[in-house]
Amino acid sequence: CSEMFSQCSNLVEFDGSKLDVSDVTDTYKMFDYCSGLTSLDLSGWNTSKVTTTFAMFSNCTNFNENLSNWKFNAIYNTSYMFAGCHKFTGEGLENWDITNAVTVESMFLSCNKFNIDVSNFKICGKTDSLHRVFQYCLNFEGKGLDNWNLESIERMEHTLCGCENLKFQLDNWANYPGFDWDITLN
């Protein structure tokens with residue numbers, strides 16, 4: 001499925017709900033740069049074997065679908081998955097468990113509308129870096145970040161840079177080895 005619809009900027013809607021992806025492991029750049037995409041139904045997808053979603057929806061500027069039914073058992077790389085999805089609010093990801101992911105860099109980079117409570121969003125497990133995960137998420141308030149266990153995190157550069165509506169108190173994060181006020185926020 002890698003790059004299957006990549007750069008199909010005229011693709012406006014797609015019903016993939018009946019596609020059997022139960023044996024798919026790689027969705028690398030699957031819908032990358034589908035900037036016209038406004039309606040996408042992937043509700044029937046079994047993502048349990050997917051290992052990489054690198055840039056799967058990156059630069060789908062109009063993308064804002066609920067993916068709450070997706071479950072990941074083997075996920076390894078979610079980097080840039082939603083990067084540049086300016087209208088993506090994150091609704092449906094509140095209970096995602098991607099603790100097996102090692103690479104999550106820039107997962108929500110420039111998701112201007114992203115603003116969910118991430119209390120139950122399980123991202124910190126095997127990863128050692130939150131590099132640019134929420135950078136330029138302009139509406140992100142940081143709800144739930146204080147519940148995250150960051151003991152394994154070594155890199156936090158630009159994690160919250162450009163989060164203009166951040167209401168999260170960073171005091172809890174200051175005790176972790178990868179935290180630096182300047183590079184986390186700038």
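Sequential numbering from 1 along the given sequence is applied to the chain's residues.
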- Cluster partners of Leu138, using ILVMFWY side-chain heavy atoms under 4.5 angstrom, listed by chain and number? none

- Item | For Tyr80, ring pair (Phe, Tyr, Trp, His ring centres under 6.0 Å) partners two or more places apart | Phe54

- Item | Least distance between heavy atoms, Glu141 atom then Asn115 atom | N-OD1, 2.9 Å

- How long is the span from the NE2 atom in His86 to the NZ atom in Lys113, to the nearest 0.5 Å? 11.0 Å

- Item | Linked hydrophobic residues, Tyr76 as query - side chain contacts closer than 4.5 Å | Val102

- Sequence-distant partners of Lys49, salt bridge (charged side-chain N to carboxylate O under 4.0 Å, His left out), two or more places apart: Asp23

- Task: State the CE-CG distance between Met156 and Leu160, to the nearest 0.5 angstrom.
- Result: 6.5 Å

- Roughly how far, to the nearest 0.5 Å, is CG of Asp32 from OG of Ser9? 11.5 Å

- Query: In the hydrophobic clustering that connects Ile, Leu, Val, Met, Phe, Trp and Tyr at side-chain heavy-atom distances below 4.5 Å, which members other than Tyr33 occupy its cluster, ordered by chain and number?
  - Reply: none

- Please indicate whether Glu91 has more than 12 foreign heavy atoms, meaning atoms of other residues, nucleotides or ligands, lying under 6.0 Å from its CD. no

- Which atom of Trp148 lies closest to which atom of Phe121, heavy atoms considered: NE1-O, 3.7 Å

- Message: Restricting to non-hydrogen atoms, name the atom on Cys34 and the atom on Leu11 that form the minimum distance, rounded to 0.1 Å.
- Response: SG-CD2, 4.4 Å

- Message: Taking side-chain hydrogen bond (donor to acceptor under 3.5 Å, both in side chains) as the cut-off, I'd like each qualifying pair that reaches into residues 159-168, sequence neighbours left out, listed once.
- Response: Asn139-Asn165

